[in-house]
Amino acid sequence: QLQLAESGGGLVQPGGSLRLSCAASGLARNYYAIAWFRQAPGKEREEVSCASYLNNETYYADSVKGRFTISRDDAKKTVYLQMNSLKPEDTAVYYCAAPKSSWCRSGFEFEYWGQGTQVTVSS
């Protein structure tokens, strides 16, 4: 059973950077696509980015394109979200999640979720 754990959240000033990590466990190798979602108070959950397994296929929400970068280190079973030029509207709890598929756009539901990490962008 795949288990996911996020880390790296915190408080940062506008224009600053953070790198979130999503560590996978419970499998010898992480064959699943991994996505980052976020949810701000009073708002719906939003998919921020996704990285498929093996083919370097990645997706980004329009709101983060050019500022966020997703990457995988499959040897470490970890997926990173580098967040630059952060804005107050990026404030949210960030979750990593995986579908039962290696591909981001497989149509499978995201069944595996981490516990979330808080990102606060404020001066």
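Scanning all heavy atoms of the two residues, the minimum distance from Arg29 to Asp74 falls at NH2-CB, 3.8 Å. Nearest heavy-atom pair, Thr78 versus Ser21, reported as atom, atom and distance to 0.1 Å: CG2-CB, 4.2 Å. Across every non-hydrogen atom of Cys22 and Leu4, the tightest pair is SG-CD2, 3.9 Å. Gln39 and Lys43 get closest at one heavy-atom pair: NE2-O, 3.2 Å. Pairing each heavy atom of Ser49 with each of Leu81, the nearest pair is CB-CD1, 4.1 Å.
Counted within 6.0 Å of CD on Glu109, heavy atoms from surrounding residues, nucleotides or ligands total 12 or fewer; the atom is thus considered open.
Between Tyr112 and Tyr32, a ring centre-to-centre spacing shorter than 6.0 Å is recorded. In this structure, Phe37 has its ring center no closer than 6.0 Å to that of Tyr95.
Here the OG-CG distance, from Ser122 to Asp90, works out to 12.5 Å after rounding to the nearest 0.5 Å. Between Ile34 atom CD1 and Ser71 atom OG the span is 12.0 Å, to the nearest 0.5 Å. The OG atom of Ser25 sits 4.5 Å away from atom CD of Gln3, with the distance rounded to the nearest 0.5 Å. With rounding to the nearest 0.5 Å, the separation of CZ in Arg105 from SG in Cys50 is 5.5 Å.
At a threshold of 4.5 Å between side-chain heavy atoms, the hydrophobic network of Ile, Leu, Val, Met, Phe, Trp and Tyr places Trp103 and Val79 in two separate groups. Leu18 and Tyr60 fall within a single hydrophobic cluster, where Ile, Leu, Val, Met, Phe, Trp and Tyr side chains are chained together by heavy-atom contacts under 4.5 Å. Linking Ile, Leu, Val, Met, Phe, Trp and Tyr residues whenever their side-chain heavy atoms come within less than 4.5 Å leaves Trp113 and Trp36 in two separate clusters. Phe110 is not connected to Tyr31 by any chain of hydrophobic side-chain contacts under 4.5 Å among Ile, Leu, Val, Met, Phe, Trp and Tyr, and they are in different clusters. A continuous path of Ile, Leu, Val, Met, Phe, Trp and Tyr side chains, each step under 4.5 Å between heavy atoms, connects Val12 with Val48, placing both in one hydrophobic cluster.
Looking at Ser52 and Ser102, their side chains never come closer than 4.5 Å, going by heavy atoms from C-beta outward. Contact check for Leu20 versus Phe68: no side-chain heavy atoms found under the 4.5 Å cut-off. Residues Gln82 and Ser17 meet the side-chain proximity criterion, which asks for heavy atoms closer than 4.5 Å.
Under the 3.5 Å distance criterion, the side-chain polar atoms of Thr91 are matched with a main-chain donor or acceptor of Val121. Between the side chain of Lys77 and the backbone N or O of Leu27, at least one donor-acceptor pair lies under 3.5 Å. Judged by distance alone, with hydrogens and angles left aside, the side-chain atoms of Arg67 form no donor-acceptor pair with the main-chain N or O of Met83 at under 3.5 Å.
Side-chain atoms of Thr117 and Glu6 include no donor-acceptor pair closer than 3.5 Å. Residues Tyr94 and Arg38 bring a donor and an acceptor atom of their side chains to less than 3.5 Å of each other.
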Do Asp73 and Tyr80 pass the side chain to side chain contact (heavy atoms under 4.5 Å, CB included) test, and can you show the C-alpha distance, the side-chain angles, and the key distance before you say yes or no?
CA-CA 8 Å; Asp73 184 339; Tyr80 303 99; 4.0 Å; yes
Would you check, one step at a time, whether the test side-chain hydrogen bond (donor to acceptor under 3.5 Å, both in side chains) holds for Glu46 with Ser63?
CA-CA 10 Å; Glu46 172 190 23; Ser63 57; 3.1 Å; yes
